[in-house]
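Take a look at the structure below.
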Amino acid sequence: MNRILFVFLLTLHIQCSVLGVLQDKIPTPEFSFESINIKQITFTDITLGVETSVTNPYPVSLPSSLLDMDIKIEGLKLSQVKTDLGVIEAKKTKSLPLEVKLKYTDLLQLYKKFPTKPMLEVSAEGNMKVSIPKQWQLLGKDSVSFPFVQKREIPAVLPDVEIRNFKILMPSEAEILSASNTDAMIGTTTNFLKGLLGGSKTPATSAAKAGLSGLNLNLKTEFDFVFSNQAASNLNLSDLKYNLQLAGENFLSGSPKEILNSGKESTVKVESLFPITSIGTSLYKTIQSKEALYQLKGDSALNVPNIRENIPFSYEKKGKFHW
């Protein structure tokens, strides 16, 4: 009996040793969690970019790679991703980028819980399951799993913008004289500007606007875009571009004269010129009434303390303002 038991144990030991050697020699897929970064901030959400990759060591394709991932901020689960990332070709490494949007409507509860915390910890926690082709399966193992936890910080942001200190300046008499070729054009231009900027309720007639044809006179406008953060992080704007529509008509676009960053508020100073001949009927009525429906959109970079890279910031807002 002892001899039989000895032979059985020896055989089992040899089998396990052989399987161990085989297992060491049979390659397995490799998984890498490259990074988690902030791809974009808007007025409605923060987009996170998750970069992963899987390496297929086999001479045949891998049929699937199943990712199951939770996104948590300060331990609170805000999003879950479950997806098949598709076929991975033989002997190739496949990059597997993903985007996850975090809406401010979901983040507000965290901002209230941590009202003075400028940076919040975001973690990606989950598992990558990669299938193994049948001819390389050992002991019936048809897949390999890679659990992961990856963390970084994101700013507490809830951005908004207002238009302030808006004004369109009346040209001087010298500027009107310089731009006008005849006394009649001087009179037409002056009447048009008085109706537009001088408080006169006289509407701009088609004949009056026709009399401005070819007039090389620009109007100067000054105003501020004031961007503010309603959450705890400081934000600095740079490389800002804007496009402003008034009453559905293109009004101004470009880059500002200067940006004054002061912690949670940034004032974008705009000074620009636009030709008087570009003013259509709708824009004329808007300027005359000193109130406007507007659409503002553009792009900028956000510089946040404790984050090295600039964060892309795309903004768009519709509203009404008075001046």
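No hydrogens, no waters, no symmetry mates; every other heavy atom, side chains included, goes into these values.
- Applying the salt bridge (Lys or Arg N to Asp or Glu O under 4.0 Å) definition to pairs two or more places apart or across chains, those involving residues 125-137 are Lys72-Glu125.
- With hydrogens and angles disregarded, no donor-acceptor distance shorter than 3.5 Å links the side chain of Gln295 to the backbone of Leu246.
- Looking at Gln288, its side chain does come within 3.5 Å of a backbone N or O of Gly195 through a donor-acceptor pair.
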Donor-acceptor pairs under 3.5 angstrom involving side-chain atoms of residues 164-171: please list them, not counting sequence neighbours.
unit_1	atom_1	unit_2	atom_2	d
Arg164	NE	Glu162	OE1	3.0
Arg164	NH2	Glu162	OE1	3.2
Asn165	ND2	Asp224	OD2	2.7

Could you please spell out the steps behind the side-chain contact (heavy atoms from CB on, under 4.5 Å) verdict for Ile41 and Leu302?
CA-CA 9 Å; Ile41 288 177; Leu302 281 182; 3.9 Å; yes
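- Residues Ser65 and Met128 are in side-chain contact: their nearest non-hydrogen atoms beyond the backbone lie under 4.5 Å apart.
- The salt bridge (Lys or Arg N to Asp or Glu O under 4.0 Å) pairs that include a residue from residues 226-252 number zero, where partners must be two or more places apart or lie in different chains.
- Side-chain atoms of Leu78 and Val122, non-hydrogen and from C-beta on, never get closer than 4.5 Å to each other.
- Screening residues 52-78 for ring pair (Phe, Tyr, Trp, His ring centres under 6.0 Å) gives Tyr58-Trp136 as the qualifying pairs, with residues at least two apart or on separate chains.
- Cluster annotation: Val87 and Leu96 are assigned to distinct hydrophobic clusters (Ile/Leu/Val/Met/Phe/Trp/Tyr, side-chain heavy-atom contacts under 4.5 Å, transitive).
- You'll find the side chain of Lys264 stays beyond 4.5 Å of the side chain of Leu235, heavy atoms only.
- Thr190 pairs by the side chain to side chain contact (heavy atoms under 4.5 Å, CB included) definition with Ile176, Ile186, Lys194, not counting sequence neighbours.
- Taking each heavy atom of Ser238 and Ser300 in turn, the nearest pair found is O-OG, 3.0 Å.
- Of the candidates Thr52, Leu48, Leu98, Leu48 is the only one forming a side chain to side chain contact (heavy atoms under 4.5 Å, CB included) with Ile36.
- Side chain of Lys290 to backbone of His322: no donor-acceptor contact under 3.5 angstrom is found.
- Counting heavy atoms from C-beta on, the side chains of Pro155 and Ile38 come closer than 4.5 Å.
- No more than 12 heavy atoms of other residues, nucleotides or ligands sit less than 6.0 Å from atom NZ of Lys297.
- The closest donor-acceptor contact from the side chain of Ser178 to the backbone of Ala174 lies at 3.5 Å or more, if one exists at all.
- Looking at every heavy atom in both residues, Tyr284 comes nearest to Leu196 through OH-N, 3.4 Å.
- Taking 4.5 Å as the limit, some side-chain heavy atom of Ile46 sits within range of a side-chain heavy atom of Leu107.
- Residues satisfying the salt bridge (Lys or Arg N to Asp or Glu O under 4.0 Å) test with Glu74, not counting sequence neighbours, are Lys117.
- With sequence neighbours left out, Tyr294 forms a ring-ring contact (aromatic ring centres under 6.0 Å, His included) with Phe321.
- For the residue pair Phe43 and Glu316, the shortest heavy atom distance occurs at CD1-O, 3.3 Å.
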Begin from the C-alpha positions of Tyr104 and Tyr111 and carry the test ring-ring contact (aromatic ring centres under 6.0 Å, His included) through to its verdict.
CA-CA 9 Å; Tyr104 297 133; Tyr111 293 164; 7.0 Å; no
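- Hydrophobic cluster membership is shared by Phe225 and Ile259, with clusters built from Ile, Leu, Val, Met, Phe, Trp and Tyr side chains linked at under 4.5 angstrom.
- Taking the side chain to side chain contact (heavy atoms under 4.5 Å, CB included) definition, one finds that Thr116 meets it with nothing, sequence neighbours left out.
- At least one donor-acceptor pair closer than 3.5 Å links the side chain of Asn56 to the backbone N or O of Ile88.
- Counting only heavy atoms from C-beta outward, the side chains of Leu260 and Ser266 never approach each other to under 4.5 Å.
- A chain of hydrophobic side-chain contacts below 4.5 Å, direct or via other Ile, Leu, Val, Met, Phe, Trp or Tyr residues, connects Leu215 to Leu193.
- In this structure, Asn229 contributes its side chain and Asn234 its backbone to no donor-acceptor pair below 3.5 Å.
- Applying the side chain to side chain contact (heavy atoms under 4.5 Å, CB included) rule to Leu293 yields the partners Lys320; only residues at least two apart in sequence or on another chain are considered.
- Placement of Val149 and Met69 in two distinct hydrophobic clusters is found when ILVMFWY residues are connected by side-chain heavy-atom separations under 4.5 Å, directly or transitively.
- Put simply, Val81 and Ile154 are part of the same group of oily side chains (I, L, V, M, F, W, Y) that touch within less than 4.5 Å, one to the next.
- In terms of the ring-ring contact (aromatic ring centres under 6.0 Å, His included) criterion, residue partners of Phe148 (sequence neighbours excluded) are, by chain and number, Phe31, Phe33.
- For Glu271, the side chain to side chain contact (heavy atoms under 4.5 Å, CB included) criterion is met by Lys220, Glu222, Lys257, not counting sequence neighbours.
- Minimum interatomic distance between Pro305 and Met119 (heavy atoms only, all atoms of both residues): O-SD, 4.0 Å.
- Of all heavy-atom pairs between Lys94 and Leu85, the closest is NZ-O, 3.0 Å.
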Applying side chain to side chain donor-acceptor pair (under 3.5 Å), run through Ser131 and Ser143 and close with a yes or a no.
CA-CA 4 Å; Ser131 300; Ser143 64; over 6 Å; no
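- In this structure, Ser289 contributes its side chain and Thr286 its backbone to a donor-acceptor pair below 3.5 Å.
- Annotation: side chain to side chain donor-acceptor pair (under 3.5 Å) contacts involving residues 38-47, sequence neighbours excluded, comprise Lys39-Glu99, Gln40-Ser314, Thr42-Thr44, Thr42-Asp45, Thr47-Lys101.
- The aromatic ring centroids of Tyr315 and Phe227 lie less than 6.0 Å from each other.
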